[in-house]
Amino acid sequence: MNPEKIETAFSLMEEAITTIERSLDTSFFDAYIENAENLVDDAKVRVIDQTPDKKTVAKIEALYQDILQLDLQKEEWRKLTQLLLLHGSKKEGLQPNHQLTPDSIGFLFVFLIEQLSQTKELRIFDPAVGMGNLLLTVVIGLQQAGYHAQGIGVDIDDTLLAIAAANGALMAETLQLFHQDSLHDLLVDPVEIAMGDLPVGYYPNDEQAEKFITHAEKEHSYAHHLLLEQSMHYVKPAGYGLFLVPSNFLETEQGPLLEKWLGKKVYLQGIIQLPDELFQSEHSRKSILLLQNTGADAKQVDKVLLVKLPTLKEPAKVSSFFKEFEDWKSSNL
Ligand SMILES: C[S@@+](CC[C@H](N)C(=O)[O-])C[C@H]1O[C@@H](n2cnc3c(N)ncnc32)[C@H](O)[C@@H]1O
């Protein structure tokens, strides 16, 4: 990937989005969606009630021609959309539970899914797809590694989901997306892999929460616990779940409720603690939880993988983690 090409594309796209933002008097994210939809719609600016005006339309469409001339490839589009959305998130002060998952974590997910998969046909389900960066990083990464991967995503927030849809269209990637609360019944056929960067906090709908083993009796339940349980309902027998959760997930007040669920229909096979450098405070540190559904070929591993990744910045240390994972897998799974 050529960094200069991405830099040029970034400034062209940023100028187009900012021009739309001013002209429609809207937020960065709404302008981002409008811009992406215009690009997909033959690079023509949508005009409603003579807005944007002709001069602005001409300016934006000229920017579109320059962007198209760059002939960006799928992964280049993804990198570009990630940079633009990170820029927009800073500008708009997006809350942590809505922020996109950086591709450094997505690339780790790709490695783990490749290690765990028995087939080249993979349906990947993300119950908290947000702006879709994690799902698109994983799907495109797997495709580049020779898999036929299809992404399915659900999110409760319509703006974030519209961004995911617009990004999928820019990358010519057909995602199956649903706008709804993932803790209600889903129209998702069983998948090989469920994964996600789960929202952390309380789920306000107690009546709905009661349908899950992990619900709390005396207060609102943890949304991420319920989402873990719900996601694994949509995974095939012996299929895997990979989820980003707070590193202290078992030590919290509701941790025992999660333990009540684990071991029944789902095995906890591993916990990979992510490097401290990725998080601003001790409190915000996260780990990847590796779950496996019960099923003919599945069993609780003798030795649960417990590993802390020291850094993602030193290739030798990342390779040594890959080796450790492969060794663990061959003697345990
Ligand atoms: C950390 S973000 C996910 C970021 C995403 N991986 C990405 O790369 O853009 C968590 C997401 O969970 C969504 N969410 C929260 N509660 C939900 C629910 N009950 N059902 C579906 N989505 C939910 C939020 O709207 C948010 O988009």
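Whatever order the structure lists ligands and atoms in, that order sets their numbers, starting from 1.
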Donor-acceptor pairs under 3.5 Å, side chain of residues 309-321 to any protein atom, not counting sequence neighbours: which ones?
| residue | atom | partner | partner atom | Å |
| --- | --- | --- | --- | --- |
| Thr311 | OG1 | Glu277 | OE1 | 2.9 |
| Thr311 | OG1 | Glu277 | OE2 | 3.2 |
| Thr311 | OG1 | Lys313 | N | 2.8 |
| Glu314 | OE1 | Lys317 | NZ | 3.4 |
| Ser319 | OG | Pro315 | O | 3.0 |

Contact table, ligand 1 N/O with protein N/O, distance under 3.5 Å:
| residue | atom | partner | partner atom | Å |
| --- | --- | --- | --- | --- |
| ligand 1 | 6 (N) | Thr101 | OG1 | 2.8 |
| ligand 1 | 8 (O) | Thr101 | N | 2.9 |
| ligand 1 | 8 (O) | Thr101 | OG1 | 3.3 |
| ligand 1 | 8 (O) | Asn133 | N | 3.3 |
| ligand 1 | 8 (O) | Leu134 | N | 3.0 |
| ligand 1 | 9 (O) | Met131 | N | 3.0 |
| ligand 1 | 9 (O) | Gly132 | N | 3.3 |
| ligand 1 | 19 (N) | Asp181 | OD1 | 2.9 |
| ligand 1 | 20 (N) | Ser182 | N | 2.9 |
| ligand 1 | 22 (N) | Ile156 | N | 3.3 |
| ligand 1 | 25 (O) | Asp155 | OD1 | 2.6 |
| ligand 1 | 27 (O) | Asp155 | OD1 | 3.4 |
| ligand 1 | 27 (O) | Asp155 | OD2 | 2.8 |

Pairs touching residues 219-230 that satisfy salt bridge (Lys or Arg N to Asp or Glu O under 4.0 Å), sequence neighbours left out: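 Listed by first then second residue: nothing to list.
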Just list the side-chain donor-acceptor pairs under 3.5 Å for residues 130-142, sequence neighbours left out, or say none.
| residue | atom | partner | partner atom | Å |
| --- | --- | --- | --- | --- |
| Asn133 | OD1 | Arg78 | NH1 | 3.1 |
| Asn133 | ND2 | Gln82 | OE1 | 2.6 |
| Asn133 | ND2 | Thr101 | O | 2.8 |
| Thr137 | OG1 | Arg78 | NH1 | 3.4 |
| Thr137 | OG1 | Asn133 | O | 2.6 |

Closest contact, heavy atoms only, Val304 versus Trp328: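 So the minimum-distance heavy-atom pair works out to C-NE1, 4.1 Å.
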Regarding Tyr32 and Asn167, do their side chains bring together a donor and an acceptor under 3.5 Å, going by distance alone? yes
Is the His87 ring parallel, tilted or perpendicular to the Phe28 ring (thresholds 30°, 60°)?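 The rings of His87 and Phe28 stand perpendicular, inter-plane angle above 60°.
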